[in-house]
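Step one of this worksheet: look at the structure below.
What's counted below: heavy atoms across the whole structure, side chains too, no hydrogens, waters or symmetry copies. Please read all numbers here as calculations on a predicted model, not as lab measurements.
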Amino acid sequence: MSDRHEHPHPHHSTGLRHHLSHLLTPHSHETADKVDPALESSARGMRALWVSLAVLGVTALAQAVVVAASGSVALLGDTVHNAADALTAVPLGIAFVLGRRAATRRFTYGYGRAEDLAGLVIVLTIAASAAFAGWTAIDRLLDPRPVQHVPAVAVAALVGFAGNEWVARYRIRVGRAIGSAALVADGLHARTDGFTSLAVLLGAGGSALGWQLADPIVGLAITAAIALVLRDAAREVFRRVMDAVDPALVDRAERALTEVPGVRGVGELRLRWIGHRLRAEVAVVVDGDVTVRQAHRIAVDAEHALLHAVPRLTAALVHADPEPAPGEADPHLPLAHHAA
């Protein structure tokens with residue numbers, strides 16, 4: 001009975017100054033004001049993408065200079081890998097921009113799902129990275145080659161690892177803060193590139209000691225580590241695509257609903273992610289003798305309680321069911337033949 005009721009809002013200026021204030025300053029606890037934190041989370045995601053893109057771009061450029069001087073094929077692969085990782089920000093950035101668009105009569109839930117599609121692209125990119133790292137390691141194992149200018153290659157590998165690990169931590173932290181599975185997956189992908197850089201470093205060290213097989217053996221070990229990261233990223237994105245939520249959120253929502261005056265029970269409760277925002281659908285049981293207005297008031301209070309209790313929830317559809325009376329037929333009986 002209640003779904004995103006529009007409340008009067010005194011701010012309708014279209015000026016740049018006002019728009020920026022809406023993006024940077026969350027409003028109070030009004031239902032309609034939940035849109036502002038959602039926009040702010042998209043802005044944080046975009047900022048994380050641009051910052052990480054710049055850091056990885058500088059990292060790849062620094063490594064490219066060493067590649068040109070040393071002719072290291074391993075470092076060349078790592079450089080290309082880092083550049084590709086920086087470019088994964090493009091589909092995710094497009095998804096964040098699309099996610100800001102208003103819902104239409106065709107896309108009635110908006111465009112938040114674009115973020116989940118970007119997550120799938122990132123998972124595929126991690127898989128390609130694992131395949132590339134494994135293929136390169138096997139090639140080096142079958143055809144060992146000495147590494148030239150080992151000190152310069154080692155420094156470049158450390159730069160690659162440091163840059164990727166910083167970006168990974170930043171993306172994962174922001175992704176978890178705003179509820180973006182795709183951004184978290186992108187952070188995990190950056191971490192795989194850091195592992196590749198360590199493989200270059202360890203392999204170069206082994207080559208300096210005269211063990212040419214060190215580089216490919218370490219490369220195979222790193223490929224296994226990338227496969228583990230791929231598993232975690234794929235699981236997170238798959239769960240999001242399949243509308244999975246943390247059961248603790250469901251428990252939290254149920255507790256909040258049972259504390260609402262007039263709610264005598266909680267029926268079916270559903271939560272789903274759309275991008276990095278949550279929506280809820282729930283049926284609550286109310287006294288069968290209350291008026292329609294009173295039932296609607298209870299539904300509004302229930303929605304309000306959910307918006308306070310569940311992080312990143314931006315909308316809730318609350319349906320009020322009358323409490324069963326002795327001898328009364330189930331009011332949902334006409335719908336029973338549609339259950340199949």
Side-chain angles (χ1 to χ4, degrees), residues 48-49 51-89 122 125-173 185-233:
L49 289 177
V51 171
S52 58
L53 177 61
V55 171
L56 288 178
V58 172
T59 299
L61 181 62
Q63 289 183 313
V65 173
V66 179
V67 168
S70 67
S72 171
V73 177
L75 187 59
L76 173 62
D78 190 39
T79 303
V80 172
H81 203 179
N82 286 332
D85 181 49
L87 293 178
T88 60
I122 292 168
T125 304
I126 298 177
S129 300
F132 176 78
W135 178 83
T136 303
I138 293 174
D139 180 66
R140 284 297 181 88
L141 193 62
L142 297 176
D143 183 20
R145 282 163 283 178
V147 177
Q148 304 296 327
H149 303 287
V150 173
V153 173
V155 171
L158 285 175
V159 170
F161 172 75
N164 277 290
E165 182 60 22
W166 186 91
V167 166
R169 290 174 181 267
Y170 183 44
R171 287 178 175 175
I172 292 172
R173 183 176 69 251
D186 209 19
L188 292 173
H189 178 215
R191 182 157 286 164
T192 66
D193 287 350
F195 293 154
T196 304
S197 296
L198 284 182
V200 175
L201 174 64
L202 296 177
S207 297
L209 296 176
W211 188 29
Q212 293 187 0
L213 293 181
D215 185 48
I217 290 176
V218 172
L220 288 175
I222 295 303
T223 299
I226 294 176
L228 293 177
V229 174
L230 172 63
R231 181 197 63 182
D232 293 339

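In this structure, the side-chain contact (heavy atoms from CB on, under 4.5 Å) partners of A190, at least two apart in sequence or on a different chain, are D85, N164, V167, A168, R171.
Note: W166 CH2 to R191 CZ = 13.5 Å, rounded to the nearest 0.5 Å. From L188, atom CG reaches atom CG of L228 across 11.5 Å, with rounding to the nearest 0.5 Å.
Y170 and A48 make their closest contact through CE2-CA, 3.5 Å (heavy atoms, listed as atom of the first residue, atom of the second, distance).
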Please tabulate, for side-chain N and O atoms in residues 53-69, each donor-acceptor pair with protein atoms closer than 3.5 Å (sequence neighbours left out).
from: T59; atom 1: OG1; to: V55; atom 2: O; distance (Å): 2.9
from: Q63; atom 1: OE1; to: N82; atom 2: ND2; distance (Å): 2.6
from: Q63; atom 1: NE2; to: D78; atom 2: OD2; distance (Å): 2.9
from: Q63; atom 1: NE2; to: A156; atom 2: O; distance (Å): 3.2

